[in-house]
Amino acid sequence: MELTIPNFDIALTANSGQCFRFQKIDEIHYSIIARQTHLMIQTLDNDRFLLDCDEKSYQEIWHDYFDMDRDYLSIMKAAPPDDAFLQEALRHTKGLRILQQEPWECLISFIISQRKNIPAIKGCVEALSRRFGEPIGDDLFAFPTPEAIAASSIEELNTCSLGYRSNYILKTARMVASRQADLDDFGRLSDPELKEALLRFPGVGIKVADCVMLFAYARTKAFPRDVWINRVIDKHYDGQSPAEYLGPHAGILQQCMFCYIRSSQYKNTY
DNA sequence: GTCCAGGGTAAGC
DNA sequence: GCTTACCATGGA
């Protein structure tokens, strides 16, 4: 089906380090696997795209995944106008969207992310999917269920280059598979309650919890601080986190700054 | 070969 | 409460 997606830079979003199974095929085709489903997107022009799914699948999965109900233009307009670095970041990251990922996959992906770069994280997520996930097409595998990982072992998980994270992932999977923790119920919690609940998983600290809140539960105030954002805070905010003054969409603005400081366009002049 | 990566944990203070 | 050593692995 054909679809207009306003404010969507597909390359920028796919490489923004928020999701790890959004892959470039060629100049106009991108492949996504999410919620046990594969999607191919073809770029038609600036904001028009061709999705190889039907209306039902779009409404059930991809409408929310692409965060279609959010008005990004008004969020950018509401950003503090006198913040020179932020405004520069926003100019260079037009079209960046925050995807609404599945909590379980997002949780495991960001437990993996600690002390790894983005290509390495992608490799681990892909290896996990191939090893434990259900086949969903031609050489395509869904992200494994909590039950599939809970039924595995440290030794099997170690074949996915997870290092010391294998133990965290196995324990977390057992907590979810046993219903000791219900990730769907987490959606009803307030921001502080959700953060506290996420911090109970082994391998989840403040930063990973913030990533899951922002990228899976649409808590746009969550402001993940990784090594790159800490550099931004040191260089441009005098060591003080701007999270509070950036307001209810601080997390979205954070993602723009993250992408900008990592880009070749960043000149370190502000 | 060296440095770094979307950090977390536990021990020590 | 705040430091610090340590944790496995692969990419650059």
Side-chain angles (χ1 to χ4, degrees), chain A residues 12-24 89 93 96-103 105-131 152-173 175 181 195-237 239-243 246 250-264 266 268:
Chain A
L12 184 60
T13 302
N15 295 316
S16 65
Q18 58 177 306
C19 62
F20 305 100
R21 306 201 76 193
F22 194 160
Q23 188 185 353
K24 180 178 182 177
T93 53
L96 179 60
R97 299 186 76 91
I98 303 294
L99 305 172
Q100 292 190 23
Q101 300 177 63
E102 197 170 16
E105 176 174 343
C106 190
L107 174 62
I108 297 301
S109 296
F110 280 96
I111 289 176
I112 292 170
S113 77
Q114 60 179 266
R115 300 289 291 178
K116 278 185 177 292
N117 57 27
I118 292 171
I121 301 165
K122 287 182 178 177
C124 289
V125 172
E126 185 63 25
L128 264 183
S129 300
R130 287 183 174 277
R131 183 79 173 78
S152 73
S153 65
I154 296 289
E155 290 71 24
E156 288 180 289
L157 290 171
N158 281 341
T159 65
C160 299
S161 301
L162 300 172
Y164 59 88
R165 305 163 193 81
S166 292
N167 187 41
Y168 297 152
I169 291 167
L170 183 58
K171 286 182 176 173
T172 295
M175 289 170 69
K195 191 158 189 170
E196 188 183 342
L198 290 168
L199 288 172
R200 291 191 201 113
F201 292 112
V204 176
I206 293 171
K207 188 271 176 182
V208 170
D210 280 331
C211 281
V212 177
M213 290 177 72
L214 178 61
F215 300 135
Y217 290 98
R219 306 302 172 95
T220 57
K221 203 175 187 314
F223 190 90
R225 288 182 63 168
D226 73 322
V227 295
W228 293 93
I229 289 297
N230 281 333
R231 286 171 192 154
V232 168
I233 292 172
D234 286 343
K235 288 182 182 173
H236 304 290
Y237 294 98
Q240 298 279 59
S241 171
L246 289 177
I252 296 178
L253 302 176
Q254 170 274 155
Q255 191 64 9
C256 294
M257 294 192 284
F258 175 81
C259 288
Y260 175 54
I261 194 178
R262 287 169 46 84
S263 75
S264 57
Y266 174 65
N268 195 19

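A, B, ... follow the sequence lines: proteins, then strands. Residue 1 opens every chain. Side chains are part of it too, since the values below use all heavy atoms of this structure and drop only hydrogens, waters and symmetry mates.
Contact check, A:Arg165 against C:dT9: no side-chain N or O comes under 4.0 Å of OP1 or OP2.
With distances taken from any side-chain atom of A:Val208 to the nucleotides B:dG8, B:dG6, C:dA8, the minimum falls on B:dG8. Residue A:Arg231 has its side chain nearest to B:dA5 when only B:dA5, B:dG8, C:dA12 are considered. Each of C:dT9, B:dG6, B:dT9 was ranked by its minimum atom distance to the side chain of A:Ile121; first place goes to B:dG6. Of the candidates B:dG7, C:dT9, B:dG6, the closest approach to any side-chain atom of A:Arg115 belongs to B:dG7.
Contact annotation: the side chain of A:Pro202 approaches that of A:Thr172 to within less than 4.5 Å [non-hydrogen atoms, C-beta and beyond].
As a whole-Å value, the separation of A:Ile112 CD1 from B:dG8 P is 14 Å. The interatomic distance linking A:Tyr164 (OH) with B:dA5 (P) rounds to 13 Å, in whole Å. Rounded to an integer number of Å, the gap from CG of A:Asn167 to P of C:dT9 is 14 Å.
Residues A:Ser152 and A:Arg131 bring no donor and acceptor atom of their side chains to less than 3.5 Å of each other.
With hydrogens and angles ignored, no donor-acceptor pair under 3.5 angstrom links the side chain of A:Tyr168 to the base of B:dG7.
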Quiz item: What's the verdict on side chain to side chain contact (heavy atoms under 4.5 Å, CB included) for A:Leu128 and A:Val125, showing C-alpha distance, side-chain angles and the deciding distance?
Solution: CA-CA 5 Å; A:Leu128 264 183; A:Val125 172; 5.7 Å; no
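Where stacking is scored as ring centres under 5.5 Å apart with planes under 30°, A:Trp228 does not register as stacked on the base of B:dG6.
Within the structure, side chain to side chain donor-acceptor pair (under 3.5 Å) contacts touching residues 196-211 of chain A (residues at least two apart or in different chains) are A:Lys195-A:Asp210.
B:dG1 and C:dG10 have their C1' atoms separated by 14 Å, with the value rounded to a whole Å. Rounded to whole Å, the C1' atom of C:dC7 lies 14 Å from the corresponding atom of B:dA5. For B:dA11 and C:dA8, the P atoms lie 15 Å apart once the distance is rounded to whole Å.
Residue A:Phe215 is classed as a base contact, given a heavy-atom separation below 4.0 Å to a base.
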